[in-house]
Amino acid sequence: MPVSEPDASQPDRSLDAAFWPQSFQPYLSDALDQRPAGSAGKSGACKLTFAAARSGKTRLQRSLVSHPFHLTRPWYLDPALPGMAVVYVQTPAGGLIQGDRATLQFNLGDTAQVHITNQAAEKIHSMTANCALQSVSFVLGAEAYAEYCPEPVILFPRARFGQHLRVQLGRKATFFFSEIFLIRGDMTQEPFEALSTSLTVMDAAGALRMREHGVALPLQQRLTGPGVLDRYHVWGQAVLVGRSVTESWAQEIQGEIQEESFPDTVLVAGTTVLPGEYGVCMKVAGTQVPAVRRVLRRAWQGLRLRHLGVPAPDLPK
C-alpha cells in the first residue's frame with residue numbers, strides 16, 4: 001500500500017530556534033568559528049518510508065539518507081514477528097559535535113511493523129560554541145506498530161544537546177520508545193552544559209495525547225540535589241503509547257522490575273499509566289548502565305507480552 005511522504009516544502013520546525021525553551025536559546029544563537037550551524041556537512045538526514053506487503057512483511061519503500069547517517073537494509077530478526085522490519089541506523093561519524101543538526105523521519109503505512117535502533121551509543125562531544133540538535137519524528141498509519149530503541153546517549157563534559165521526538169499515531173496504531181542518557185564519568189567531574197529533551201504524541205484525530213519536556217543546565221543548577229538526579233548519573237525511560245491500558249499494567253510491570261536483583265548497583269524506578277489510559281510510562285535512574293538497560297528491557301518485555309502477546313527479541317549489536 002503506498003505511503004504518502006511528508007511535504008518536503010514544510011521545514012522541520014523543531015530545528016528552529018523558536019521551538020526551544022528560553023533557557024536553551026543562548027546556545028542556539030552562539031556563533032561558530034567555522035561553518036554555520038546546520039550548513040553543508042553539519043546537517044544530516046535519515047528519512048525512511050515503510051509499507052506492509054501482502055505477504056505480511058514490512059518493506060522499506062523509500063529512503064533518503066545523508067551524512068552523518070548510514071543505513072543497512074532491513075533485517076527480519078524477530079522470530080515472534082517475522083514480518084517486522086528491523087532497521088539499524090548507523091552514524092560512522094563518531095558522534096554529534098557543535099553546530100550539528102540531525103533529522104530522522106520514519107513513516108509507516110497501515111499495519112506496518114518496524115523496529116528502529118542504532119549500532120552503538122551516540123556520543124555528544126564537548127563543545128565551546130553553539131550546540132547539537134536532533135529531531136526525530138514518526139508517522140504511523142492505521143494499526144501500525146513501531147519500536148524506537150536507540151542505544152544510550154553519552155553526554156561528554158561541556159556537551160550541549162537538544163532532542164525532540166514527535167509521534168503522529170494513526171487509528172489503532174501503537175508506538176514503543178526507550179532511551180538512556182548518561183554522563184561520561186561521575187557526578188563529581190565536569191558535567192555536560194545543557195540538555196533539552198521533549199516528546200510529543202498526537203492521536204489520529206490530531207489531539208495531543210502526551211507531551212513531556214525537560215531541561216537540565218548543570219552549570220546553573222547542580223544535578224546532585226534532591227528532586228534532580230541525586231547520586232545517579234544514568235537515567236532513562238520506556239513508553240508505550242496508543243493502546244488503552246489499565247492501572248494493573250503499571251502495577252504488574254513495576255512488580256516484575258522489583259523482583260530483579262541488582263547487586264552492587266543503586267537505582268530507582270517507577271511506572272505509571274498515561275492520562276486517559278492511553279499507554280504506560282516507566283522511568284529509571286541508576287549508577288550503572290547495564291542495570292538501567294536491564295530494567296528498560298524488562299519493561300519492554302512486559303509491555304510487548306501484554307500488547308502483542310510475544311516476547312522481546314535479542315537483537316545483535
Side-chain angles (χ1 to χ4, degrees), residues 1-14 45-64 71 74 76 78 80-87 89 103-117 135-150 163-179 198-212 237-246 249 273-281 300 303-310 312:
M1 180 178 295
V3 181
S4 60
E5 290 280 11
D7 185 355
S9 66
Q10 297 298 317
D12 184 354
R13 310 312 304 184
S14 64
C46 179
K47 302 180 181 182
L48 309 179
T49 298
F50 300 90
R54 291 183 179 179
S55 64
K57 264 191 174 182
T58 295
R59 305 289 189 182
L60 177 61
Q61 190 177 61
R62 284 184 289 274
S63 64
L64 172 64
L71 181 68
Y76 299 90
D78 189 341
L81 296 175
M84 171 179 273
V86 178
V87 175
V89 177
T103 301
L104 298 101
Q105 295 179 354
F106 307 105
N107 301 309
L108 280 66
D110 295 351
T111 72
Q113 294 183 326
V114 176
H115 178 97
I116 306 287
T117 186
S135 170
V136 185
S137 66
F138 281 81
V139 178
L140 278 64
E143 300 183 48
Y145 176 69
E147 296 176 340
Y148 181 48
C149 304
Q163 176 175 275
H164 176 57
L165 172 59
R166 181 180 176 85
V167 182
Q168 176 69 59
L169 294 173
R171 181 180 57 85
K172 295 184 179 180
T174 313
F175 179 73
F176 175 82
F177 166 57
S178 68
E179 67 178 350
S198 62
L199 169 62
T200 302
V201 180
M202 314 291 289
D203 66 14
L208 177 66
R209 290 322 260 316
M210 178 181 180
R211 176 173 289 163
E212 179 183 64
Q237 66 175 340
V239 179
L240 178 76
V241 62
R243 191 218 192 269
S244 179
V245 303
T246 64
W249 279 38
V273 171
L274 296 176
E277 298 183 335
Y278 201 66
V280 176
C281 179
W300 180 29
L303 289 170
R304 235 188 186 236
L305 288 170
R306 287 165 176 81
H307 176 47
L308 301 176
V310 297

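Not measured: the values here are computed from a predicted model.
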Inset, instruction - Would you sort out whether Val239 and Val201 count as a side chain to side chain contact (heavy atoms under 4.5 Å, CB included), showing the intermediate values? - result: CA-CA 11 Å; Val239 179; Val201 180; over 6 Å; no
Legend entry - Expected output: side-chain Gln168 to main-chain Leu140 donor-acceptor under 3.5 Å: no
Inset, instruction - Apply the test side chain to side chain contact (heavy atoms under 4.5 Å, CB included) to residues Phe106 and Val114: give CA-CA distance (whole Å), side-chain angles for both, the deciding distance (0.1 Å), then the verdict. - result: CA-CA 9 Å; Phe106 307 105; Val114 176; over 6 Å; no
Legend entry - The single option from Arg166, Gln163, His164, Glu212 passing side-chain hydrogen bond (donor to acceptor under 3.5 Å, both in side chains) against Ser198: His164
Legend entry - Derivation and outcome, side chain to side chain contact (heavy atoms under 4.5 Å, CB included), residues Leu165 and Phe175: CA-CA 12 Å; Leu165 172 59; Phe175 179 73; 4.2 Å; yes
Legend entry - Atom pair CG (Leu64) and OG1 (Thr103), whose distance is rounded to the nearest 0.5 Å: 10.5 Å
Legend entry - Donor-acceptor contact present, side-chain Ser178 to main-chain Cys149, <3.5 Å: no
Legend entry - Spacing of CG belonging to Leu308 relative to CG belonging to Asp78, to within rounding of 0.5 Å: 9.0 Å
Legend entry - Geometric class of the Trp300/Phe176 ring pair [parallel <30°, tilted 30-60°, perpendicular >60°]: parallel
Legend entry - Minimum side-chain heavy-atom gap Leu199-Met210 below 4.5 Å: yes
Inset, instruction - Determine the interplanar angle of the Phe177 and Tyr148 rings, folded into 0 to 90°, and report it as parallel if under 30°, tilted if 30 to 60°, perpendicular if over 60°. - result: parallel
Legend entry - Approximate separation, where rounding is to 0.5 Å, of Arg59 CZ and Phe50 CZ: 12.5 Å
Legend entry - Spatial distance of atom CD (Glu147) from atom NE2 (His115) [nearest 0.5 Å]: 6.0 Å
